[in-house]
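For reference, the structure is listed below as structure tokens.
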Number of protein chains: 2
Amino acid sequence: MVETTRRREIEEVASSLFHRHGYSGTSVRDIARALDIQGASLYAHVASKQDVLWSIVDRTATRFENAAAAATTYTTVPPSPTNTLAALVKAHVGIVTDDVQRASVFVHEWRSLSPERRADVARRRDEYEGRFRSVIARGGEDGSFAAGDPVAAASYILTALNGLVAWYRPDGRLSPAEISDAYVLLSLRSVGAGSRQRHEVPA
Amino acid sequence: MVETTRRREIEEVASSLFHRHGYSGTSVRDIARALDIQGASLYAHVASKQDVLWSIVDRTATRFENAAAAATTYTTVPPSPTNTLAALVKAHVGIVTDDVQRASVFVHEWRSLSPERRADVARRRDEYEGRFRSVIARGGEDGSFAAGDPVAAASYILTALNGLVAWYRPDGRLSPAEISDAYVLLSLRSVGAGSRQRHEVPA
DNA sequence: CCTACCGATCGGTAGG
DNA sequence: CCTACCGATCGGTAGG
């Protein structure tokens with residue numbers, strides 16, 4: 001499908017409405033009204049309401065994936081567990097603060113996707129969370145982090161990061177950079193990094 | 001309103017359905033079908049769909065509040081920031097694992113409440129989160145915890161705890177007690193407790 | 001707790 | 001992008 005300007009506008013207002021009222025709580029007419037067109041006219045641009053949700057979720061999932069891949073691959077030297085986890089957290093917070101509405105829809109509304117698409121997203125989320133799990137496990141093994149269940153720790157950290165969509169406001173007290181720094185610190189400390197930084201592998 | 005058995009059953013199946021499909025995604029007929037009665041018959045027991053949601057949310061909010069009040073007041077001695085925060089986290093995880101469905105509805109569906117009720121819940125949530133903020137601030141002042149923004153730390157921890165509703169399964173790999181222990185540890189470490197336990201106030 | 005029913009709104013299509 | 005329209009479903013009421 002061609003990427004028209006109108007299509008982008010539709011996804012933008014839909015993100016805002018889905019964020020505030022949820023997918024089920026937003027009607028096709030609600031989206032149309034925000035664009036000053038008739039409800040039926042929306043179908044000149046999109047195949048279905050579900051397709052709009054899918055575009056938002058898929059695009060945002062890809063953003064998270066690319067940012068995490070970059071953080072894992074091109075992390076600052078040395079590529080220690082501490083530095084990699086810090087880069088992953090920073091990347092995640094960056095995507096969220098860059099577009100809270102789309103991020104919020106991705107986090108909360110993927111349940112409203114059709115079964116096949118939901119399964120696809122579930123798989124990709126697990127793969128994404130796997131990056132966190134494996135770096136935490138690696139840090140536990142080499143002494144960078146304190147011992148502990150990497151699965152529980154990864155879930156804990158990721159849901160804390162995702163919770164940002166519920167309270168982040170672009171005009172809030174803390175800037176994206178301040179939040180990012182605070183969240184990196186909280187995440188690193190939660191797995192016991194810092195107390196043993198001296199064990200870190202020399203460059 | 002009288003607290004009949006049927007009324008309790010309605011809230012129970014509604015919690016399950018709201019948890020899986022959301023409030024907007026669940027119809028009055030869906031709830032009735034799960035009880036093997038006609039959709040209209042539900043109104044012999046409840047005033048509206050909204051009232052069912054309110055019962056679930058209000059009851060769960062009260063549970064969280066009572067548990068947190070108990071954790072703050074009757075915490076193990078000494079009532080240090082470390083022990084109090086640990087008790088708050090343990091209490092929160094306990095409520096969630098005790099009834100994930102109701103907890104999930106409380107966490108996710110309070111946006112679907114009427115404006116007045118939503119405002120009421122928002123106020124109570126802020127008060128609840130305030131307990132976390134103040135103990136974290138106190139720990140930062142007396143050296144129990146590392147320095148940092150108590151507001152960001154409280155949000156980070158609480159959303160991590162709430163995220164549990166998304167992945168906790170009663171038949172999962174980790175028992176409620178194991179999750180609780182892991183989450184207490186992760187939370188305490190996130191604010192820098194443990195690395196300075198020697199500063200703790202003697203009994 | 002039932003049958004019968006209400007007006008409103010839902011996502012979506014036809015045809016221009 | 002519009003008007004006109006579709007069948008289905010929505011939350012809820014009347015009256016028993």
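Residue numbers start from 1 in every chain, and the chains themselves are labelled A, B, ... in the order their sequence lines are given, proteins ahead of strands. FYI, side chains are in, hydrogens and waters are out, and symmetry mates aren't considered; it's all heavy atoms of this structure.
Note: OH (B/Tyr43) to P (D/dG16) measures 21 Å, nearest angstrom. Taking atom NE2 of residue A/His45 and atom C1' of nucleotide D/dC2, one finds them 11 Å apart after rounding to whole Å. Regarding A/Leu42, its CG atom lies at a distance of 18 Å from the P atom of C/dT9, rounded to whole Å. The separation between B/Arg7 atom CZ and C/dC1 atom C1' is 17 Å, rounded to whole Å. Straight-line distance from the CG atom of A/Asp51 to the P atom of C/dG11: 14 Å, rounded to whole Å. Regarding B/Arg29, its CZ atom lies at a distance of 12 Å from the P atom of C/dT3, rounded to whole Å. C/dG12 atom P lies 9 Å from atom CD of A/Gln50, rounded to whole Å. Put simply, CD1 on B/Ile10 is 11 Å from C1' on C/dC1, counting in whole angstrom units.
Using a 4.0 Å heavy-atom cutoff across all strands shown, A/Thr26 reaches sugar-phosphate atoms only and no base atom.
Note on residues 168-189 of chain A: pairs passing salt bridge (charged side-chain N to carboxylate O under 4.0 Å, His left out), not counting sequence neighbours, are A/Arg173-B/Asp149.
For C/dC2, one of the phosphate oxygens OP1 or OP2 lies less than 4.0 angstrom from a side-chain nitrogen or oxygen of B/Ser41. Between B/Ser27 and D/dT9, a side-chain N or O to OP1/OP2 separation shorter than 4.0 Å is absent.
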*Verify salt bridge (Lys or Arg N to Asp or Glu O under 4.0 Å) between A/Arg123 and A/Asp126, making sure each step is shown before the conclusion.*
CA-CA 5 Å; A/Arg123 183 186 53 73; A/Asp126 187 63; over 6 Å; no
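Nearest-nucleotide assignment on DNA chain D puts the 5′-proximal partner with A/Arg6, out of A/Ala40 and A/Arg6.
With hydrogens and angles ignored, the 3.5 Å screen pairs a side-chain donor or acceptor of A/Asp30 with a backbone N or O of A/Ser27.
At least one side-chain heavy atom of B/Leu53 sits less than 4.5 Å from a side-chain heavy atom of B/Ser112.
Cation-pi geometry between B/Arg125 and B/Phe106 is satisfied (NZ or CZ under 6.0 Å from the ring centre, within 45° of the ring normal).
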Dot-bracket assigned to DNA chain D with the 3.5 Å Watson-Crick/G-U criterion, [ ] for crossing and | for other-strand pairs, is ||||||||||||||||
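Taking only side-chain atoms of A/Ser48, from C-beta outward, the nucleotide of C/dG12, C/dC2, C/dC10 with the closest atom is C/dG12. Checked against D/dC10, C/dG12, C/dT3, the side chain of A/Lys49 finds its nearest nucleotide in C/dG12.
Ion pairing between a basic and an acidic side chain is recognised when a charged N comes within 4.0 Å of a carboxylate O; B/Arg117 and B/Asp58 show no such pairing.
The distance from atom NE2 of A/His92 to atom CD1 of A/Ile157, rounded to the nearest 0.5 Å, is 11.5 Å.
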